[in-house]
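What follows is a set of notes on a single structure, which appears directly below.
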Amino acid sequence: MSEHQSGLPPSGMEVELCGLKLKHPVLNCSGTFDVPSAVKTFGHSVLESFPFSCFVSKTITVDPRIGNPPPRIVEAPYGLINSIGLPNRGIEGFIASDLPRLAELPVPLVVSVAGFSDDEFVQLVRETSEQTDVDALELNISCPNVKSGCVYGVDPDDTERLLTALRDITEKPLIVKLTPQAGDIASIGTAAERGGADALSLINTVPTPITTDTQKAEGEGSGGLSGPAIKQTALASVRAVSDAVRIPLIGMGGISTGNDAYEFLKLGCACVAVGTENFRDPLAAHRITKELQEIYSSL
Ligand code: RRO
């Protein structure tokens, strides 16, 4: 276990992540919580009592994308398979239309970006970094649902080269999101750290074939598996990466209870993130945080 990973907060729930002071360690996974829909469903009080201590946006790309054709989500035992395909307004649309609303959230904002080349990543990081409302960036080098989306996330040399280039152009924290598709996920984590990453988030969804006709959610015949089905894979990935790096980890993959969150924190994660459970109950993170608080109090 590395230096930062000295265990759980001694008292209270506050944590610091890359210089950001967070009220508790529970974040959202990118793309799993839609702020406008939550406000429509639960009213403005959802903003005052926000379920996450830090908000991570849906991944954005340079150009607008409509995403994959429906169905985009299919149920799987103990989880779901998605093939959303990165729909977003593109960087220009994000800054003009999405960012002003996200800037009103009462918590720090992490913007998730994905480029299809080093140059695209450079553009995304440069333009989002210029925005004062953006507190940190998550580099999604691990989307399972677009062609070549995983090129960086499975190759240590690509990952280190990319991070080195991006480190030169921003002082904002760079969080790198890892995929379990990498044969040796620890080697991608250490490559990102060498390149100057400030933190790692892991894991993205597990690339999974979709075999039956009823499950054929999109053209490619595959998607990303998430939910309790991948918790053991996520914990094993965290264990491997946490032994190899010194930068903080944000653990995710199948967290739906405070006890799940605690399992990741015990392995040394600085924070955790809730994803699939938000689709079942968008306010689940309140419950998970409360359960976690009860576990801390009983220690
Ligand atoms: O949009 C997606 O299909 C997607 C993304 Br960007 C990602 O990072 N992980 C995922 O499971 N789906």
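Along the sequence shown, the residues carry numbers beginning at 1. Indexing begins at 1, ligand by ligand and atom by atom, following the structure's order.
To the nearest 0.5 Å, atom OG1 of residue T257 and atom CD1 of residue I295 are 7.0 Å apart. To the nearest 0.5 Å, atoms OG (S57) and CD (E138) are separated by 8.0 Å.
Using cut-offs of 30° and 60° on the angle between ring planes, the pair F52 and F50 is perpendicular.
Every residue meeting the side chain to side chain contact (heavy atoms under 4.5 Å, CB included) condition with R65, not counting sequence neighbours, appears here in chain and number order: T61, L86, N88, F116, V146. Residues passing the side chain to side chain contact (heavy atoms under 4.5 Å, CB included) test with K231 are L235, D260, E263, F264, sequence neighbours excluded.
In this structure, ligand 1 sits under 4.0 Å from heavy atoms belonging to K58, N82, I84, G85, L86, N140, C143, P144, N145, N204, T205.
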Return all side-chain donor-acceptor pairs below 3.5 angstrom for residues 96-113, not counting sequence neighbours, or 'none' if the list is empty.
| unit_1 | atom_1 | unit_2 | atom_2 | d |
| --- | --- | --- | --- | --- |
| D98 | OD1 | R89 | NE | 2.9 |
| D98 | OD1 | R89 | NH2 | 3.2 |
| D98 | OD2 | R89 | NE | 3.3 |
| S112 | OG | T59 | OG1 | 2.7 |

